[in-house]
Amino acid sequence: MASTSRMPSSAEDEDLQEEFEHFDDFTLASSWERFISEIEAVCRQWLTDGTKNLLRKGAISLNIAEGLYKVKTDLKYAMKSYCMEYYFGTHNDVGRGNGNGWNCELHNLQLSFGVNEFLVIAPQSASGVVLDGPEASKLLSAVAIALSNCSGFWPAFVPVHDPSRKAYIGIQNMGTLFTRRFEADRIGSQVPVKLMHLEGLYELFISQFAFSNMDLSMHLFQVNLKMKMTYRTLPYSEDDDVQESEGGFTESGESPKSNHQSRTQWDDNCPWSEWYSAEDPLRGFELLTVWSEKAIESSLEMAEMENVSPLEAEKWLITPCLSEILSDGSGRKRIGFASQLLLLIDALHMSLDAKFVEDFISENSGPENLKSTAVIPPPTVLDRVLKDLFHEVDALQLDFAEGDHENSRTIKGSPLESLFGQFCLHSLWFGDCNIRAIAAFWIEFVREVRWCWEESQPLPRMQANGVVDLSTCLIHQKLHMLSICIDKKRQLNQDCPKAGENNFFLSAHVKGDSQIQSDISSEDGDTETSFFECDSLSTPDHPNDPESDISSFVHSDDVKLGDPKHSACIRKGSAGIVGSMMLLKSYQNMHAPFTQDPPLMTEDMHEERLQAVEALGESFRFSAQLEKDILSSDMSAFKAANPDAVFEDFIRWHSPRDWENDDNMEKVVSNTNAVVESTNDWPPRGKLSERMSEHGNLWRKIWNEALPMPASEQKPLLDPNQEGEKVLHYLETLRPYELLGQMVSTAFKAAADTLNRTSFGGLKQLTTRIGQLYLTMAATFRCLQKNSLSVGTEDIEDLKRLCAIFGHVESLITLAASLHQKFLQAPRLSESIFNDYYNFYLPKMGTVSIGGDEKKDFDKKQEVRRQEREVVASMFTPPTVNQSWRKVLSMGNLLNGHEPTLREIIFSKRDHLSKNYYASHAPRGYQQELETYRMYICGTSNDLSVALAVASCD
């Protein structure tokens, strides 16, 4: 019984003993073993998740390298906290780089050691490095054991020493056979002279595997070399920086156009330079010269390579060094049109509640917040600006449409070169563009305009002829009319014509197929035709000389000079005969008279007439009454040129549509739109139209009252004195919001037209963007066409958003102009660099960035072709004594006297496994060649960083 009872007990003890043998008792394990277990658990989880799942779980994207992400976890060991980070990429073979072994978008550890995925474990401290050597070795051993347990082959790194040294130690398990160890360090000063040259760096690498007692310079060791040199153009001098920082303002607050600057600026030939000096968006260029991998066997080859010109490098890559102001998306630091336009919109906002412009400069009225902040420049500044506007004007023919964008006319503003256009641009820079400065400037501007009127002086920057362009703003229309009135008034004062003569208002105009200024349609016609529309002969302006060569403006087949008939002795004001048309009551040729030009009308005058017609209802009769003076003048001139004419003859000439032929004879219209009749069929048979033959017709009444009188003897249709005073009254009583509204649209248009004249080459993207800017401005300015703007509407905010868009386009134009200047002989590079930046900058277009947002600098590199290298090399001008920032040149490979600012070298040594003792231990299918030594060297004569990776069989 006893023995039987013992048997089960013994079997149970054996089972329990076997069970305990496979149980890890962590209560008895050390803290270091538990630390390894935690690392192993995290690594297993990351290995299981893989790249896609880690991205879904919120892996952090790194801006330092495209497609590089990281995940991290916190660990504790021996009362200390550590952070372990796993770096991985979405691209294969990231660390190996491109075909030349250089990838500009790599993490420092990837570039230093040629790895892809890796781990970094560091203490959570202020320095972030392990200062104690044993602690660093223990951390690295813990990670290596954990990775070995979970079959992970990631390299692991621990930062050591002082943070400024950027030192690391690392290890990587490459399987059951090989282990790779890493070490990196940096010398921050006093670099040994030998290590400043390629020969010394080569021997440094050789010393890692050669015997220490050998003379390295006398032996041949074949290694592989890849090299990259970085050159940077010299920065601007302090004087240049100070000069550019002045922007567009002067100390007195005047317009920069009236202040001559003696210094030469980069943008002196740019169209905006007369208003402000922009900081060059290109602070310089960074050039990378890349040498592909080649075999080196001796120190002598390295010494020779140090004297090789960078022009012989396999590849050149260039990237612009952009100004910080250009990268400022908000535009708050940049001085230009956009910044001043924003101030003008603030002035518009403040003008909405004011009734008179004078309120803003009066001491006893105006907003209280203006009295302490807004400043009016001194009178001397104002005098210089007015002198530039009114007195320092070149006597050239004004062509307002020259050089303008095709979409420019969609904006209802004043032309760039016009008087009001220049006034608006000056206002942007007058003082700080506050409402008080603008009000003072406008009042003095109107006084100067009145002086020109009273002294009969030509109005500068305005045409004194032509017709009023209704597509412009109303102030420009008024100034154009005033300029014409001044010209007419000056002619009257100079020539003093005989009583009854009107030689100064006659432009030898022959009435033609044109519509007299009236937008009123026929009341009872099937087609909307003006009552004063005519289809007869028209000619351009000519001097008032009946004997002038009519053939120059009337077709020779339609108008013939001279009439042998007996009535020629009493005929006056004839411009020539009208084709073969004959008078109805006498067998004589019909003569076309010289007529007066219709009086000029501005937009508001047209609106007043339309409102009067709508109020009185009978548009047909009232339109005739409104145009009575013009019609009476034409009839008097026609009677003087055709003494035997009747009312029907005038209708046949002036309005052929109102003459109906009885014999169904076809009307043949000549090149001058005159009706050609057969001289053999006289008198012409026909009748007046229904509207002309009705009882009480106003045209017939006016015809009966009109006296035969040539246009040269008639009273002028345009009274220059009366119309001129009306214009001045409008300018002097203009409401502030009406003034500022037209100033905003004109200032935007003039600024855009100025920038559009910039020479930047064939950049289609920028040209398209400028065209879109014009259309956006035209759509936004529709709110300014209203009679007023109410406070609290979104119109002001829309205008401010437009300023942001304008600022973005202005920045792009500035960059394009700078690139175009520097790459005149290599336009492809200019276009490629700009297109790269445009695509980088595009997300910012139309938005205003908020401070604190994380920004990524533009670092896209463009390859330089062989034929373009000389152009790029010429940008590296030999440094002068003042510009040179290095006292002694310590490195070779000079480019026009410039030594590389950064030199990067990768030495590597590969061994075939079949030719050394590693071969017997190599597993089947293992790679036949192994990179046993790799050294990455980066630095200049002032600092040197070295990273070494060694693979060994443990």
Side-chain angles (χ1 to χ4, degrees), residues 248 254-258 267 270-278 335-345 347-348 385-386 388-390 392-394 396 398-431 433 437-438 441-442 445 459-463 469 471-480 738-758 770-781 784-785 799 802-803 805-807 809-810 813-814 817:
E254 65 179 304
S255 167
K257 185 176 180 181
S258 58
D267 58 349
C270 296
W272 65 76
S273 61
E274 60 181 341
W275 301 106
Y276 66 95
S277 178
I335 299 298
F337 283 129
S339 62
Q340 303 309 113
L341 290 171
L342 186 60
L343 297 176
L344 184 61
I345 292 173
L348 170 65
V385 176
L386 291 174
D388 182 79
L389 268 177
F390 287 91
E392 296 181 356
V393 182
D394 296 333
L396 300 176
L398 292 176
D399 187 2
F400 291 147
E402 183 181 1
D404 289 346
H405 194 276
E406 57 183 2
N407 294 336
S408 178
R409 292 184 63 84
T410 60
I411 302 174
K412 198 172 182 63
S414 184
L416 171 61
E417 300 297 339
S418 65
L419 182 59
F420 186 62
Q422 293 293 300
F423 168 82
C424 292
L425 289 181
H426 274 288
S427 299
L428 294 178
W429 310 98
F430 187 70
C433 196
I438 293 174
F441 189 19
W442 173 254
F445 174 82
L459 202 59
R461 306 180 189 274
M462 296 300 300
Q463 295 175 332
D469 187 358
S471 66
T472 60
C473 64
L474 186 56
I475 293 179
H476 176 76
Q477 297 178 34
K478 294 292 186 181
L479 290 175
H480 189 187
E738 294 177 339
L739 170 63
L740 269 297
Q742 297 182 62
M743 285 183 64
V744 167
S745 59
T746 298
F748 269 93
K749 180 180 183 297
D753 288 342
T754 300
L755 295 176
N756 183 58
R757 297 183 179 184
T758 305
I770 293 174
Q772 294 173 350
L773 175 64
Y774 278 106
L775 298 179
T776 303
M777 289 192 297
T780 307
F781 294 152
L784 301 178
Q785 307 301 324
L799 291 172
L802 179 62
C803 276
I805 298 174
F806 193 99
V809 177
E810 185 176 14
I813 292 177
T814 307

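When a residue number appears, it is its place in the shown sequence, counting from 1. What you are looking at is a predicted structure, and each value in this text was computed from that prediction instead of being measured. For the numbers below, each heavy atom of this structure counts, side chains included, while hydrogens, waters and symmetry mates do not.
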Nearest-0.5 Å distance that lies between atom NZ in K412 and atom CG in L474 | 8.0 Å

Contact summary for H426 and D388, nearest pair of heavy atoms = NE2-OD2, 2.9 Å

Here the pair of heavy atoms bringing L419 nearest to P460 is CB-O, 3.6 Å

Between the main-chain N or O of H476 and the side-chain N or O of S414, is there a donor-acceptor pair closer than 3.5 Å?
-> no

Expected output: side-chain N407 to main-chain L775 donor-acceptor under 3.5 Å = no

Run the salt bridge (Lys or Arg N to Asp or Glu O under 4.0 Å) check on E274 and R757 step by step: do they pass?
-> CA-CA 13 Å; E274 60 181 341; R757 297 183 179 184; over 6 Å; no

Gap between atom CD1 of I411 and atom OG1 of T776 - 0.5 Å precision | 9.5 Å

Test side chain to side chain contact (heavy atoms under 4.5 Å, CB included) applied to A747 - qualifying residues, sequence neighbours left out = L341, L344, C424, L428

To the nearest 0.5 Å, tell me how far W272 CH2 sits from L425 CG.
-> 14.5 Å

Taking the side chain from E810 and the backbone from G336, do they hold a donor-acceptor pair closer than 3.5 Å?
-> no

Has the side chain of Q422 got a donor or acceptor atom that lies under 3.5 Å from a matching backbone atom of L416?
-> yes

Backbone N/O of M743 and side chain of T746: donor-acceptor pair under 3.5 Å = no

Roughly how far apart are R461 CZ and L389 CG, rounded to 0.5 Å?
-> 6.0 Å

Do you know which two heavy atoms are closest between A338 and G807, and how far apart they sit?
-> CB-CA, 3.4 Å

Is a donor on one side and an acceptor on the other found under 3.5 Å between the side chain of Y774 and the backbone of E406?
-> no

Do S339 side-chain atoms and I335 backbone N/O form a donor-acceptor pair below 3.5 Å?
-> no

Report yes if the side chains of D469 and R409 come closer than 4.5 Å at any heavy-atom pair, otherwise no.
-> yes

dist F781:CZ -> L802:CG (nearest 0.5 Å) comes out at 5.0 Å

Minimum heavy-atom separation for C433 to S427, with atom names?
-> SG-O, 3.6 Å

Does the pair L755 and F806 meet the rule for a side chain to side chain contact (heavy atoms under 4.5 Å, CB included), with working shown?
-> CA-CA 11 Å; L755 295 176; F806 193 99; 3.8 Å; yes

Between the CD1 atom in I813 and the OG1 atom in T754, the distance rounded to the nearest 0.5 Å is 10.0 Å

Examine the side chains of S408 and K749 and answer whether a donor and an acceptor come within less than 3.5 Å of each other.
-> yes

Applying ring pair (Phe, Tyr, Trp, His ring centres under 6.0 Å) to F445 and not counting sequence neighbours gives F390, F423, W442

Do Q477 side-chain atoms and T472 backbone N/O form a donor-acceptor pair below 3.5 Å?
-> yes

Shortest non-hydrogen separation from L784 to G741 and the atoms involved = CD1-O, 3.4 Å

Using only heavy-atom distances, determine whether the side chains of Y276 and D267 contain a donor-acceptor pair under 3.5 Å.
-> no

Min side-chain heavy-atom separation V809-F337 under 4.5 Å = no

